[in-house]
Amino acid sequence: MDTVCIAVVGAGVIGLSTAACISQLVPRCTVTVISDRFTPDTTSNVAAGMLIPHKYADTPVPTQKRWFRETFEHLSEIAKSAEAADVGVHLVSGWQIFRSVPAEEVPFWADVVLGFRKMTEAELKRFPQYVFGQAFTTLKCETSAYLPWLERRIKGSGGLLLTRRIEDLWELQPSFDIVVNCSGLGSRRLVGDPMISPVRGQVLQARAPWVKHFIRDGGGLTYVYPGMSYVTLGGTRQKGDWNLSPDAELSREIFSRCCALEPSLHRAYDVKEKVGLRPSRPGVRLQKEILVRGQQTLPVVHNYGHGSGGISVHWGSALEATRLVMECIHTLRTPASLSKL
(Lines give C-alpha, C1' and ligand atoms only; values in the text may rest on other atoms or scores of the structure.)
Protein backbone atom coordinates (compact mmCIF):
# COMPACT_ATOMS: atom_id res chain seq x y z
CA MET A 1 0.00 0.00 0.00
CA ASP A 2 1.53 3.30 -1.07
CA THR A 3 -0.69 6.28 -0.22
CA VAL A 4 -3.13 5.83 2.67
CA CYS A 5 -6.44 7.70 2.32
CA ILE A 6 -7.68 9.07 5.66
CA ALA A 7 -11.06 10.66 6.37
CA VAL A 8 -11.53 12.87 9.43
CA VAL A 9 -15.21 13.28 10.34
CA GLY A 10 -15.91 16.56 12.12
CA ALA A 11 -14.58 20.10 11.63
CA GLY A 12 -14.55 21.58 15.12
CA VAL A 13 -11.28 22.26 16.90
CA ILE A 14 -10.76 18.52 17.58
CA GLY A 15 -11.36 17.44 13.98
CA LEU A 16 -9.31 20.20 12.36
CA SER A 17 -6.37 19.90 14.76
CA THR A 18 -6.33 16.11 14.32
CA ALA A 19 -6.39 16.50 10.53
CA ALA A 20 -3.59 19.09 10.73
CA CYS A 21 -1.45 16.78 12.92
CA ILE A 22 -1.96 13.82 10.59
CA SER A 23 -1.12 15.95 7.53
CA GLN A 24 2.02 17.19 9.26
CA LEU A 25 3.31 13.97 10.82
CA VAL A 26 2.12 11.02 8.73
CA PRO A 27 4.08 10.40 5.50
CA ARG A 28 2.40 9.16 2.29
CA CYS A 29 -1.18 9.88 3.20
CA THR A 30 -4.06 12.03 1.98
CA VAL A 31 -6.38 13.70 4.46
CA THR A 32 -10.01 14.69 3.80
CA VAL A 33 -12.05 16.49 6.47
CA ILE A 34 -15.76 15.71 6.09
CA SER A 35 -18.42 17.61 8.02
CA ASP A 36 -21.88 19.05 7.55
CA ARG A 37 -20.71 22.24 9.31
CA PHE A 38 -17.47 24.20 9.16
CA THR A 39 -16.37 27.42 10.86
CA PRO A 40 -18.06 29.75 11.77
CA ASP A 41 -20.96 27.33 12.37
CA THR A 42 -19.36 24.81 14.76
CA THR A 43 -19.69 24.39 18.53
CA SER A 44 -16.01 25.33 18.80
CA ASN A 45 -16.85 28.80 17.46
CA VAL A 46 -18.89 29.51 20.61
CA ALA A 47 -16.10 28.38 22.96
CA ALA A 48 -14.33 31.10 24.93
CA GLY A 49 -11.02 29.38 24.15
CA MET A 50 -9.30 29.84 27.53
CA LEU A 51 -6.70 27.24 28.43
CA ILE A 52 -7.93 26.27 31.89
CA PRO A 53 -8.40 22.48 31.92
CA HIS A 54 -11.64 20.75 32.76
CA LYS A 55 -11.12 17.49 34.70
CA TYR A 56 -12.47 14.29 33.12
CA ALA A 57 -13.61 11.73 35.69
CA ASP A 58 -12.79 8.70 33.51
CA THR A 59 -9.51 9.88 31.94
CA PRO A 60 -6.27 9.36 33.92
CA VAL A 61 -4.89 12.66 35.26
CA PRO A 62 -1.34 12.07 33.87
CA THR A 63 -2.90 11.65 30.40
CA GLN A 64 -4.93 14.86 30.80
CA LYS A 65 -1.82 16.72 31.95
CA ARG A 66 0.19 15.50 28.95
CA TRP A 67 -2.54 16.61 26.54
CA PHE A 68 -2.69 20.01 28.25
CA ARG A 69 1.09 20.49 28.27
CA GLU A 70 1.40 19.58 24.58
CA THR A 71 -1.45 21.96 23.72
CA PHE A 72 0.02 24.76 25.84
CA GLU A 73 3.45 24.34 24.22
CA HIS A 74 1.93 24.29 20.71
CA LEU A 75 -0.07 27.49 21.28
CA SER A 76 2.82 29.18 23.15
CA GLU A 77 4.98 28.85 20.03
CA ILE A 78 2.23 30.53 18.01
CA ALA A 79 1.73 33.26 20.66
CA LYS A 80 5.36 34.37 20.38
CA SER A 81 5.43 34.21 16.56
CA ALA A 82 4.76 36.94 14.00
CA GLU A 83 1.45 35.28 13.03
CA ALA A 84 -0.04 35.31 16.56
CA ALA A 85 -2.59 38.02 15.72
CA ASP A 86 -3.71 36.21 12.54
CA VAL A 87 -4.11 32.91 14.40
CA GLY A 88 -5.90 34.48 17.38
CA VAL A 89 -3.60 33.22 20.14
CA HIS A 90 -2.33 35.40 22.99
CA LEU A 91 -1.32 35.33 26.65
CA VAL A 92 -3.76 36.61 29.27
CA SER A 93 -3.29 36.94 33.02
CA GLY A 94 -5.94 36.87 35.71
CA TRP A 95 -7.54 35.23 38.68
CA GLN A 96 -9.54 32.13 39.57
CA ILE A 97 -11.48 32.84 42.76
CA PHE A 98 -13.30 30.61 45.26
CA ARG A 99 -16.02 31.21 47.88
CA SER A 100 -14.44 28.50 50.06
CA VAL A 101 -10.94 27.04 50.03
CA PRO A 102 -10.89 24.23 47.42
CA ALA A 103 -9.79 20.71 48.35
CA GLU A 104 -7.13 21.03 45.64
CA GLU A 105 -5.36 24.34 46.26
CA VAL A 106 -2.78 23.53 43.59
CA PRO A 107 -4.44 21.87 40.54
CA PHE A 108 -2.68 19.27 38.37
CA TRP A 109 -2.01 21.84 35.64
CA ALA A 110 -0.43 24.50 37.90
CA ASP A 111 3.14 23.93 36.63
CA VAL A 112 2.07 24.12 32.95
CA VAL A 113 0.56 27.63 33.01
CA LEU A 114 2.88 30.55 33.76
CA GLY A 115 3.51 32.10 37.18
CA PHE A 116 0.90 30.12 39.10
CA ARG A 117 0.59 31.33 42.71
CA LYS A 118 -1.88 31.88 45.51
CA MET A 119 -3.57 35.31 45.35
CA THR A 120 -2.51 37.92 47.88
CA GLU A 121 -4.85 39.48 50.45
CA ALA A 122 -4.67 42.76 48.50
CA GLU A 123 -5.81 41.01 45.31
CA LEU A 124 -8.65 39.22 47.10
CA LYS A 125 -10.00 42.56 48.33
CA ARG A 126 -11.27 43.12 44.79
CA PHE A 127 -13.70 40.23 45.38
CA PRO A 128 -15.30 40.60 48.83
CA GLN A 129 -17.45 37.45 48.51
CA TYR A 130 -14.41 35.23 47.90
CA VAL A 131 -11.90 33.82 50.41
CA PHE A 132 -9.28 32.12 48.23
CA GLY A 133 -7.84 32.59 44.78
CA GLN A 134 -5.18 31.59 42.27
CA ALA A 135 -3.33 33.98 39.98
CA PHE A 136 -1.66 32.83 36.76
CA THR A 137 -1.04 33.58 33.10
CA THR A 138 -2.49 31.27 30.48
CA LEU A 139 -3.33 31.36 26.78
CA LYS A 140 -6.48 32.32 24.96
CA CYS A 141 -7.25 30.80 21.59
CA GLU A 142 -9.76 32.79 19.51
CA THR A 143 -11.50 30.07 17.52
CA SER A 144 -12.90 32.56 14.98
CA ALA A 145 -9.31 33.02 13.76
CA TYR A 146 -7.75 29.70 14.85
CA LEU A 147 -10.16 27.39 12.99
CA PRO A 148 -9.66 29.13 9.60
CA TRP A 149 -5.89 28.99 10.23
CA LEU A 150 -6.11 25.22 10.81
CA GLU A 151 -8.14 24.88 7.61
CA ARG A 152 -5.46 26.77 5.68
CA ARG A 153 -2.76 24.49 7.09
CA ILE A 154 -4.67 21.37 6.10
CA LYS A 155 -5.25 22.66 2.57
CA GLY A 156 -1.64 23.87 2.35
CA SER A 157 -0.40 20.31 2.94
CA GLY A 158 -2.72 18.91 0.25
CA GLY A 159 -5.75 18.09 2.39
CA LEU A 160 -9.36 18.52 1.31
CA LEU A 161 -12.40 19.94 3.13
CA LEU A 162 -15.70 18.35 2.10
CA THR A 163 -19.15 19.54 3.24
CA ARG A 164 -21.24 16.41 3.65
CA ARG A 165 -23.38 14.83 6.33
CA ILE A 166 -22.27 11.30 7.22
CA GLU A 167 -25.03 8.96 8.43
CA ASP A 168 -22.86 5.84 8.79
CA LEU A 169 -19.06 5.44 8.90
CA TRP A 170 -19.38 2.57 6.41
CA GLU A 171 -20.29 5.17 3.75
CA LEU A 172 -16.58 6.06 3.75
CA GLN A 173 -15.44 2.54 2.83
CA PRO A 174 -13.84 1.71 0.35
CA SER A 175 -12.97 5.34 -0.58
CA PHE A 176 -10.90 5.66 2.62
CA ASP A 177 -8.51 3.26 4.32
CA ILE A 178 -8.86 4.77 7.81
CA VAL A 179 -11.59 6.92 9.39
CA VAL A 180 -10.92 9.29 12.30
CA ASN A 181 -14.14 10.05 14.17
CA CYS A 182 -14.08 13.57 15.65
CA SER A 183 -17.83 14.10 15.37
CA GLY A 184 -18.31 15.25 18.97
CA LEU A 185 -21.96 15.17 19.94
CA GLY A 186 -22.69 13.57 16.56
CA SER A 187 -21.09 10.37 17.88
CA ARG A 188 -24.26 9.70 19.85
CA ARG A 189 -25.99 8.98 16.52
CA LEU A 190 -23.05 8.10 14.29
CA VAL A 191 -21.48 5.38 16.46
CA GLY A 192 -24.34 4.81 18.92
CA ASP A 193 -22.50 6.11 21.99
CA PRO A 194 -25.06 6.73 24.77
CA MET A 195 -22.36 8.10 27.09
CA ILE A 196 -22.08 11.37 25.17
CA SER A 197 -24.67 14.06 25.80
CA PRO A 198 -25.04 17.82 25.39
CA VAL A 199 -24.20 20.35 28.08
CA ARG A 200 -25.72 23.62 26.88
CA GLY A 201 -23.54 26.68 27.18
CA GLN A 202 -24.87 30.21 26.72
CA VAL A 203 -22.40 33.11 26.66
CA LEU A 204 -22.32 36.79 25.83
CA GLN A 205 -19.73 38.42 23.62
CA ALA A 206 -19.35 42.10 24.46
CA ARG A 207 -17.00 44.94 23.65
CA ALA A 208 -15.17 46.19 26.73
CA PRO A 209 -11.60 46.88 25.56
CA TRP A 210 -10.55 48.24 28.97
CA VAL A 211 -10.95 44.76 30.54
CA LYS A 212 -7.52 43.11 30.35
CA HIS A 213 -7.54 40.43 33.09
CA PHE A 214 -9.60 37.26 33.14
CA ILE A 215 -11.75 36.46 36.19
CA ARG A 216 -13.16 33.00 36.73
CA ASP A 217 -15.35 31.80 39.58
CA GLY A 218 -13.83 28.49 40.75
CA GLY A 219 -17.15 26.75 40.09
CA GLY A 220 -16.60 27.49 36.42
CA LEU A 221 -20.06 28.93 35.85
CA THR A 222 -19.26 32.66 35.95
CA TYR A 223 -16.32 34.05 34.01
CA VAL A 224 -14.98 37.12 32.25
CA TYR A 225 -12.50 36.27 29.48
CA PRO A 226 -11.00 39.20 27.55
CA GLY A 227 -10.06 38.56 23.93
CA MET A 228 -8.62 40.45 21.01
CA SER A 229 -11.89 42.01 19.84
CA TYR A 230 -14.46 41.18 22.53
CA VAL A 231 -14.88 39.88 26.09
CA THR A 232 -16.65 36.55 26.60
CA LEU A 233 -19.04 36.55 29.56
CA GLY A 234 -20.38 33.29 30.87
CA GLY A 235 -22.09 31.17 31.39
CA THR A 236 -24.36 28.17 31.81
CA ARG A 237 -23.94 24.42 32.19
CA GLN A 238 -27.31 22.85 31.33
CA LYS A 239 -27.02 19.07 31.08
CA GLY A 240 -29.12 17.27 28.49
CA ASP A 241 -30.45 20.53 27.01
CA TRP A 242 -30.45 20.58 23.18
CA ASN A 243 -31.91 24.09 22.77
CA LEU A 244 -29.72 26.32 20.58
CA SER A 245 -31.87 29.45 20.94
CA PRO A 246 -30.58 32.14 23.33
CA ASP A 247 -32.63 32.69 26.49
CA ALA A 248 -33.00 36.42 27.23
CA GLU A 249 -33.56 35.86 30.94
CA LEU A 250 -30.37 33.79 31.16
CA SER A 251 -28.46 36.52 29.31
CA ARG A 252 -29.57 39.08 31.90
CA GLU A 253 -28.51 36.74 34.70
CA ILE A 254 -25.08 36.09 33.11
CA PHE A 255 -24.51 39.81 32.62
CA SER A 256 -25.49 40.53 36.24
CA ARG A 257 -23.16 37.82 37.60
CA CYS A 258 -20.23 39.08 35.52
CA CYS A 259 -20.83 42.71 36.50
CA ALA A 260 -20.70 41.62 40.16
CA LEU A 261 -17.14 40.39 39.50
CA GLU A 262 -16.14 43.28 37.20
CA PRO A 263 -18.42 46.33 37.74
CA SER A 264 -16.87 48.22 34.80
CA LEU A 265 -18.72 45.79 32.51
CA HIS A 266 -21.86 47.87 33.05
CA ARG A 267 -20.37 50.05 30.29
CA ALA A 268 -19.89 47.12 27.88
CA TYR A 269 -21.51 47.58 24.48
CA ASP A 270 -22.36 45.65 21.31
CA VAL A 271 -23.46 42.61 23.34
CA LYS A 272 -24.21 39.42 21.37
CA GLU A 273 -25.71 36.15 22.63
CA LYS A 274 -24.18 32.79 21.65
CA VAL A 275 -25.22 29.21 22.42
CA GLY A 276 -23.24 25.98 21.97
CA LEU A 277 -23.77 22.36 22.96
CA ARG A 278 -20.66 20.92 24.58
CA PRO A 279 -20.05 17.24 23.66
CA SER A 280 -19.82 15.95 27.21
CA ARG A 281 -18.67 12.50 28.31
CA PRO A 282 -17.24 11.07 31.58
CA GLY A 283 -13.95 10.51 29.73
CA VAL A 284 -12.62 11.44 26.31
CA ARG A 285 -12.93 8.53 23.88
CA LEU A 286 -9.53 8.28 22.26
CA GLN A 287 -9.00 4.74 20.97
CA LYS A 288 -8.78 2.47 17.93
CA GLU A 289 -11.61 0.24 16.79
CA ILE A 290 -11.82 -2.16 13.85
CA LEU A 291 -15.34 -2.21 12.42
CA VAL A 292 -16.21 -5.53 10.76
CA ARG A 293 -19.05 -6.21 8.34
CA GLY A 294 -18.93 -9.59 6.63
CA GLN A 295 -15.51 -9.82 4.99
CA GLN A 296 -14.95 -6.07 5.14
CA THR A 297 -13.02 -4.20 7.83
CA LEU A 298 -12.71 -0.49 8.51
CA PRO A 299 -10.08 0.84 10.96
CA VAL A 300 -11.47 3.73 13.00
CA VAL A 301 -9.72 6.05 15.45
CA HIS A 302 -12.13 7.82 17.83
CA ASN A 303 -11.26 11.23 19.27
CA TYR A 304 -14.32 12.87 20.84
CA GLY A 305 -16.14 13.70 24.07
CA HIS A 306 -13.98 16.62 25.25
CA GLY A 307 -16.90 18.63 26.67
CA SER A 308 -15.97 22.11 27.87
CA GLY A 309 -12.25 21.26 27.91
CA GLY A 310 -11.67 20.72 24.19
CA ILE A 311 -9.59 23.83 23.50
CA SER A 312 -7.36 23.14 26.52
CA VAL A 313 -6.32 19.67 25.33
CA HIS A 314 -7.01 19.72 21.58
CA TRP A 315 -3.42 19.51 20.29
CA GLY A 316 -2.34 16.86 22.79
CA SER A 317 -5.30 14.64 21.98
CA ALA A 318 -4.73 15.25 18.24
CA LEU A 319 -1.14 14.05 18.63
CA GLU A 320 -2.35 10.91 20.41
CA ALA A 321 -4.98 10.26 17.72
CA THR A 322 -2.23 10.67 15.11
CA ARG A 323 -0.12 8.03 16.88
CA LEU A 324 -3.10 5.65 16.74
CA VAL A 325 -3.53 6.40 13.02
CA MET A 326 0.14 5.49 12.51
CA GLU A 327 -0.46 2.17 14.28
CA CYS A 328 -3.40 1.47 11.96
CA ILE A 329 -1.24 2.29 8.92
CA HIS A 330 1.49 -0.02 10.16
CA THR A 331 -1.07 -2.84 10.39
CA LEU A 332 -2.42 -2.09 6.90
CA ARG A 333 1.05 -2.05 5.41
CA THR A 334 2.08 -5.34 7.04
CA PRO A 335 -0.88 -7.65 6.30
CA ALA A 336 1.15 -10.66 7.41
CA SER A 337 0.74 -9.46 10.98
CA LEU A 338 -3.04 -9.90 10.66
CA SER A 339 -2.72 -13.62 10.09
CA LYS A 340 -0.87 -13.98 13.41
CA LEU A 341 -3.65 -12.35 15.41
Side-chain angles (χ1 to χ4, degrees), residues 12-13 37 39-50 52-55 92 94-100 102 126-131 133 140-144 147 184-186 188 196-282 305-312:
V13 73
R37 286 180 298 152
T39 185
D41 301 317
T42 73
T43 299
S44 297
N45 285 98
V46 181
M50 286 288 291
I52 301 175
H54 155 89
K55 205 167 185 180
V92 58
W95 304 286
Q96 179 163 244
I97 49 179
F98 298 83
R99 292 180 186 272
S100 58
R126 277 186 58 103
F127 311 104
Q129 308 299 315
Y130 294 81
V131 302
K140 189 168 191 296
C141 178
E142 313 261 334
T143 50
S144 59
L147 296 183
L185 201 52
R188 189 177 174 92
I196 191 161
S197 60
V199 175
R200 184 181 183 276
Q202 180 166 319
V203 299
L204 305 177
Q205 294 174 350
R207 293 197 189 274
W210 58 88
V211 176
K212 304 295 185 188
H213 281 69
F214 76 80
I215 308 167
R216 181 181 193 269
D217 182 292
L221 210 56
T222 305
Y223 48 82
V224 177
Y225 293 154
M228 289 180 177
S229 55
Y230 56 80
V231 181
T232 301
L233 310 177
T236 66
R237 196 184 290 144
Q238 296 159 282
K239 295 179 180 178
D241 191 335
W242 292 85
N243 185 9
L244 281 165
S245 300
D247 179 319
E249 185 59 41
L250 272 178
S251 291
R252 284 190 287 274
E253 186 203 310
I254 291 166
F255 192 70
S256 173
R257 280 191 269 127
C258 290
C259 285
L261 293 184
E262 180 52 72
S264 73
L265 284 168
H266 281 294
R267 298 292 299 275
Y269 58 96
D270 196 15
V271 181
K272 294 182 173 67
E273 299 169 301
K274 299 282 181 178
V275 176
L277 305 180
R278 306 176 184 100
S280 195
R281 203 172 180 277
H306 298 72
S308 60
I311 306 285
S312 293

Any side-chain to backbone donor/acceptor pair from [X] onto [Y]? Under 3.5 Å, distance only.
X      : Y      : value
Thr143 : Ser44  : yes
Gln202 : Lys274 : no
Arg257 : Leu221 : yes
Asp241 : Gln238 : no
Ser312 : Ile52  : yes
Arg200 : Arg237 : no

For Arg126, which residues count as a salt bridge (Lys or Arg N to Asp or Glu O under 4.0 Å) partner, sequence neighbours excluded?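 Salt bridge (Lys or Arg N to Asp or Glu O under 4.0 Å) check on Arg126 returns Glu262.
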Just to verify, what does Arg281 make a salt bridge (Lys or Arg N to Asp or Glu O under 4.0 Å) with, not counting sequence neighbours?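 Salt bridge (Lys or Arg N to Asp or Glu O under 4.0 Å) list for Arg281, sorted by chain: Asp193.
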In Å, rounded to the nearest 0.5 Å, how long is the span from [atom1] of [X] to [atom2] of [Y]?
X      : Y      : atom1 : atom2 : answer
Ser229 : Gln205 : OG    : CD    : 8.0 Å
Arg278 : Ser308 : CZ    : OG    : 5.5 Å
Leu261 : Trp95  : CG    : CH2   : 11.0 Å
Ile254 : Thr232 : CD1   : OG1   : 11.5 Å

Any idea which heavy atoms bring [X] and [Y] closest together, and the distance?
X      : Y      : value
Phe214 : Gln96  : CE1-N, 4.3 Å
Ile311 : Ala47  : CG1-CB, 4.2 Å
His266 : Cys259 : NE2-CB, 3.6 Å
Arg188 : Ser197 : NH1-CB, 4.1 Å
Val199 : Ser280 : CG2-CB, 3.4 Å
Leu277 : Trp242 : CD1-O, 3.7 Å

Report yes or no: do Tyr230 and Asp270 form a side-chain donor-acceptor pair below 3.5 Å?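 No.
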Tyr269 six-ring centre to Arg207 NZ/CZ under 6.0 Å and within 45° of normal: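 That pair does not qualify as a cation-pi contact.
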For Arg267, does the CZ atom have more than 12 heavy-atom neighbours from other residues, nucleotides or ligands under 6.0 Å away?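 For Arg267, atom CZ is not crowded (no more than 12 foreign heavy atoms under 6.0 Å).
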In a check of side chain to side chain donor-acceptor pair (under 3.5 Å) between Asn45 and each of Thr42, Thr43, Asp41, which one passes?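 One option only clears the test, and that one is Thr42.
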Taking C-beta and beyond as the side chain, do Val203 and Leu233 meet within less than 4.5 Å on heavy atoms?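 SC-SC contact between Val203 and Leu233 ruled out.
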With the side chain counted from C-beta on, respond yes when His213 and Val224 share a heavy-atom pair under 4.5 Å apart, and no when they do not.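 No, too far: nothing below the 4.5 Å cut-off.
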side-chain contact (heavy atoms from CB on, under 4.5 Å) evaluation trace for Thr39 with Ser144: CA-CA 7 Å; Thr39 185; Ser144 59; over 6 Å; no
With Leu204 as reference, evaluate Pro246, Ser251, Cys258 under the side-chain contact (heavy atoms from CB on, under 4.5 Å) test and give the passing residue.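 Only one of Pro246, Ser251, Cys258 forms a side-chain contact (heavy atoms from CB on, under 4.5 Å) with Leu204, namely Ser251.
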Measure the acute angle between the ring planes of Tyr225 and Tyr223, then classify it against the limits of 30° and 60° as parallel, tilted or perpendicular.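 Geometry flag for Tyr223 against Tyr225: parallel rings.
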Quick one, Val275 with Val46, criterion side-chain contact (heavy atoms from CB on, under 4.5 Å). Give me CA distance, side-chain angles, the key distance, then yes/no. CA-CA 7 Å; Val275 176; Val46 181; 5.8 Å; no
